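Keep in mind it's a predicted model, so treat the numbers as computed, not measured.
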Amino acid sequence: IGGISLQRQHIRATDGAASAIDSTKPFAYKLFGTWGFSPSPRYWRKFLNLDFKKINPEVPGLITTEWFKAKKKGTVWNQFWIWFCEQNSLYTLHWNAPDGKAMATNWRQRGQLPSQDATPDDPIFSTADWSTTLERPAKVITTYGWDAQPDGKSVPPAPSPPPTRRSESTSVAQQSTPSLGVGPAKSEGNGPASTESADVLSEMTAEERNRMARTNLTASKRDFSALIKAAQKTTQGRFLYLQLLNTGFLKFTRSWICNVRNMPNVLVRTLFICTDQAAYDGLKSFGEANGIQLNLHLELYETQAVLTYGHFDYYMFMLFRASLMLALVESHVSFILTESDATWFRDVNDYLETKVNPNIDMLTLNDDFRYKTSLNGGFLWFKPTPTTVALLQHVNSVLSATLAKFKVNSILGQAGNEQFMFQEYIKDRSKSSNPVNIAYLDAERFSPGQWYRMPYRTRGLAPYVVLNNWLKGMDAKINRAASWGQWFLQSDDVTCKEVNAPKVFTAGDLVVSMARMDEVLKMAAGLEQSTVMLLVVDNAFLQQALNWLCGVRKIQSVLDRLLVVCKDETSLTALRAFQGNSGIKFALTSLIQQRFGARVLVTTIIMHRLLREGLDVLVVRPSATWFDDPVPALQAASQDRHIVSVAYANNDYRKPSEQLTLVKSSPTTIELVDRAIIFGKKQYIFKYKLTMSGAFEAAIRSLETDPDIDMPVDVELLPVTVAPSTGKLSRPAGASLPLLVWRKDGITSSANTLTPDKTMCKP
């Protein structure tokens, strides 16, 4: 449905003849009505993004095309929408009220369109005309083509006849919410299905079963009506997570259920499609034994328990899955295909529903850190749009034709890879008038299995979801998950481990606690400031930090903006005691993790998270004396700049100073700091001297020389008053105090504002 019109339907679009559709029930008509028209936001946004200057909106065979040719084309938008609806197979919902009345009418006054009189086109339908029979609309709406005749379709598509094969659904959880879905790709485990009963299947050879499945699938004979009903019940009008499994994937699925069982919006929105009876029974008993509610559906597809990537039976299952996905989008089900060999570090529902562009057709996890648009079937959201229907129809057709060329026991290699088929279709459509609107999830948040390899884990940020792909063999995947603390089943394979959250990083690498990072973000938001002053303290910088805090204790605006994050237990304990003794109030939290890395790197990582939350960040280094709050001056100097910093002697704009740097939140600075983290991590790993200015310098040069990104970095450098090596402040008589003085040699006796016991400030 492209929109709703309150106008009474009057004419036949093919010739303009008066031809009102004889129906007092709502109906869907190809031609839209401009009076009281409300377009679907999903399609209207796509429509507005078109380059109208490059479009010829003429639709052959329509009277509106002739009207368009006769008018000043710049004044008629209607024909462009008609063309858009034709391109996307869209209808408009109409209702012809009884007695020739309408929900909206046109007074036909003179204006752009000349008129003979100023009387309403139709009498208005009023509250007095209302009947309770109108409160029970039809569940299936008849559709009419351009000729105002039924075109044999309906909205939604009419339900299929009841299934003649064995199928079963159960919902141990009556609550549910929408979800996304895409099943296993590049993973072993899952298999083909047949339309016959399990008893008949058991008497067939594997070859006979595969041949039968191929015949049924390519002939589109499989009936998914029971599955569609189960999916619609689970989504409750939103999206659902979809997982396919057979007995071979039962153990992994149980571990994943244990992983997400305490995430409130995941399992209630997940539909498990079991392709054999043993998998269905195994999940059902597992849920009951652990008191976990599950939405289960049995969709028989007999095959061997473990499938090998690239083999004929593996791609037969992919064809089964593609047919299933097509049936769902054709039935207006929005789903995300997920895989159970992934680790989820958080409930991602809010992220997907608030951070993702709502107008996309597809959303996918990027399968390769080295590229920005590598589609992955392990976390793939299909929205039910005409575009995704066409895409899945294409993939079903191509994959079916490919398999028809091979024998049952063949090894196809990449020839049957449906992900390549998806990407090829998306690429081919990219320059058309109706491209596939696909978005790729941030790889640092939704990561492929490359994440487990050191070179691809340089950002040091906690992911939300990590796939366990880029590794062959079920046992190898289980061992890797277990070694990373990401296996959630006890050794009996039926009991969940008691764990609060999966580990993110291990020994020798950066360790980021997502719960602690969330606490940092929560505290930053609590400041209610658009600019956050970030001071990261470890034991080595503790005395300087305490001294600096004493120096700014009278500058209330600084304390209001200040967020102090401790990276070790010693500094946290000391700062808490200092707060109590001195009475200085400021936001204090910690991000304590063993082997967490250098203070500068931690600062950059936190900065990146704050920038992503839309906050500007002023990095504080406590080896300076502050006479005032520098934020107003820095913000005034920033204007449209990305970064404002103090200058080094050589005034190299690529090298912002560590002493005082304001970074404005923007896509450019988020990308810049992301790269600075990568370079900083390399410095840390290879024992180079780690400096923020060095990491920023490398990141700026990287952006300037990247041929794939047009993101110039605009840096403003301000002069700074630098004290001599004695640390004493000298200035001409009558000169105003500078905002700050940078002491090269740290704390001197004249600049020390701490009491000897370092627990309070000097008067």
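Of the N and O atoms on the side chains of D122 and T105, not one donor lies less than 3.5 Å from an acceptor on the other residue. T65 and E58 share no side-chain donor-acceptor pair at under 3.5 Å. Inspection of the E86 and W146 side chains reveals an N or O donor paired with an N or O acceptor under 3.5 Å.
In this structure, R42 CZ and T385 OG1 are separated by 6.5 Å, a value rounded to the nearest 0.5 Å. F335 contributes atom CZ, which lies 6.5 Å from atom CG of L242 (distance to the nearest 0.5 angstrom). To the nearest 0.5 angstrom, F382 atom CZ is 4.5 Å from L392 atom CG. Atom CG of residue L380 and atom CG of residue L365 lie 9.5 Å apart, to the nearest 0.5 angstrom. W95 CH2 to R8 CZ: the interatomic distance, rounded to the nearest 0.5 Å, is 9.5 Å. For the atom pair D442 CG and I670 CD1, the distance stands at 9.5 Å (nearest 0.5 Å).
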| task | Start with the C-alpha gap between Y464 and L441, add the side-chain angles, then the distance that decides, and say whether side chain to side chain contact (heavy atoms under 4.5 Å, CB included) holds. | result | CA-CA 11 Å; Y464 296 164; L441 287 162; over 6 Å; no

| task | Could you walk me through whether W44 and W81 pass ring-ring contact (aromatic ring centres under 6.0 Å, His included), step by step? | result | CA-CA 9 Å; W44 189 252; W81 179 255; 5.3 Å; yes

| request: Kindly indicate, with the supporting measurements, whether the criterion side chain to side chain contact (heavy atoms under 4.5 Å, CB included) is fulfilled by M421 and L399. | output: CA-CA 8 Å; M421 297 175 189; L399 184 53; 3.8 Å; yes

| Could you go step by step and tell me if Y144 and H94 meet the side chain to side chain contact (heavy atoms under 4.5 Å, CB included) rule? | CA-CA 11 Å; Y144 292 80; H94 289 266; over 6 Å; no

| query | For T64 and N78, what are the C-alpha separation, side-chain angles and deciding distance, and is it a side chain to side chain contact (heavy atoms under 4.5 Å, CB included)? | reply | CA-CA 9 Å; T64 59; N78 316 36; over 6 Å; no

| request: List the steps and the verdict of side chain to side chain donor-acceptor pair (under 3.5 Å) for D151 and T143. | output: CA-CA 6 Å; D151 59 8; T143 56; 2.5 Å; yes

| query | Are Q635 and D616 close enough, and set up right, to give a side chain to side chain donor-acceptor pair (under 3.5 Å), and what steps lead you there? | reply | CA-CA 10 Å; Q635 287 285 13; D616 297 344; 3.3 Å; yes

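W470 places a side-chain N or O within donor-acceptor distance of the main-chain N or O of D367, the cut-off being under 3.5 Å. The closest donor-acceptor contact from the side chain of S331 to the backbone of V333 lies at 3.5 Å or more, if one exists at all. Remark: side-chain polar atoms of N359 are not paired, donor with acceptor, to backbone N or O of R45 under 3.5 angstrom. T364 places a side-chain N or O within 3.5 Å of a backbone atom of N376 that can act as its donor or acceptor partner. The backbone N or O of L611 sits less than 3.5 Å from a side-chain atom of S665, completing a donor-acceptor pair. Under a 3.5 Å cut-off, the side chain of T402 and the backbone N or O of V398 do form a donor-acceptor pair. Side chain of D147 to backbone of Q149: a donor-acceptor contact under 3.5 angstrom is found. Between the side chain of N434 and the backbone N or O of N88, no donor-acceptor pair lies under 3.5 Å. The closest donor-acceptor contact from the side chain of T235 to the backbone of Q232 lies under 3.5 Å. Side-chain N or O atoms of T669 include one that pairs as donor or acceptor with a backbone N or O of K664 at under 3.5 Å.
The only member of Y351, Y440, W451 that meets ring pair (Phe, Tyr, Trp, His ring centres under 6.0 Å) when paired with F446 is Y351. For the pairing with F32, the ring pair (Phe, Tyr, Trp, His ring centres under 6.0 Å) check across W83, W77, Y91 returns one residue only, W77.
Shortest non-hydrogen contact noted between S323 and N396 is OG-OD1, 2.9 Å. Among all heavy-atom pairs drawn from T661 and I643, the shortest one is CG2-CG2, 3.7 Å. Across all their heavy atoms, L662 and L618 have their closest contact at N-CD1, 3.8 Å. Minimum interatomic distance between A524 and L610 (heavy atoms only, all atoms of both residues): CB-CD2, 3.5 Å. Heavy-atom minimum distance, P448 versus N469: C-OD1, 3.6 Å. Of all non-hydrogen atoms in V465 and A342, the two that sit nearest each other are CG1-CB, 4.3 Å.
Proximity of L271 to L227: side-chain heavy atoms (C-beta onward) are separated by under 4.5 Å at one or more points. At a threshold of 4.5 Å between non-hydrogen side-chain atoms, the residues I438 and L375 count as touching. By the 4.5 Å heavy-atom criterion applied to side chains, W381 and M362 are not counted as neighbours. Using a 4.5 Å heavy-atom threshold, the side chains of T92 and Q7 count as separate. Using a 4.5 Å cut-off on side-chain heavy atoms (C-beta onward), Y425 and V436 make contact. Between L615 and Q529, every side-chain heavy-atom pair lies at or beyond the 4.5 Å cut-off. In this structure, the side chains of I360 and N437 come closer than 4.5 Å at one or more pairs of heavy atoms. Side-chain contact check for F696 versus V673: some heavy-atom pair is nearer than 4.5 Å.
Relative orientation of the F68 and F80 rings is perpendicular, given thresholds of 30° and 60° on the angle between their planes. Classification of the F52-F47 ring pair by plane angle, with boundaries at 30° and 60°, yields perpendicular.
Every residue two or more places apart in sequence or in another chain was checked for a ring pair (Phe, Tyr, Trp, His ring centres under 6.0 Å) with F420, and none qualifies.
Under the 4.0 Å criterion applied to side-chain N and carboxylate O atoms, R429 and D361 are not assigned as salt-bridge partners.
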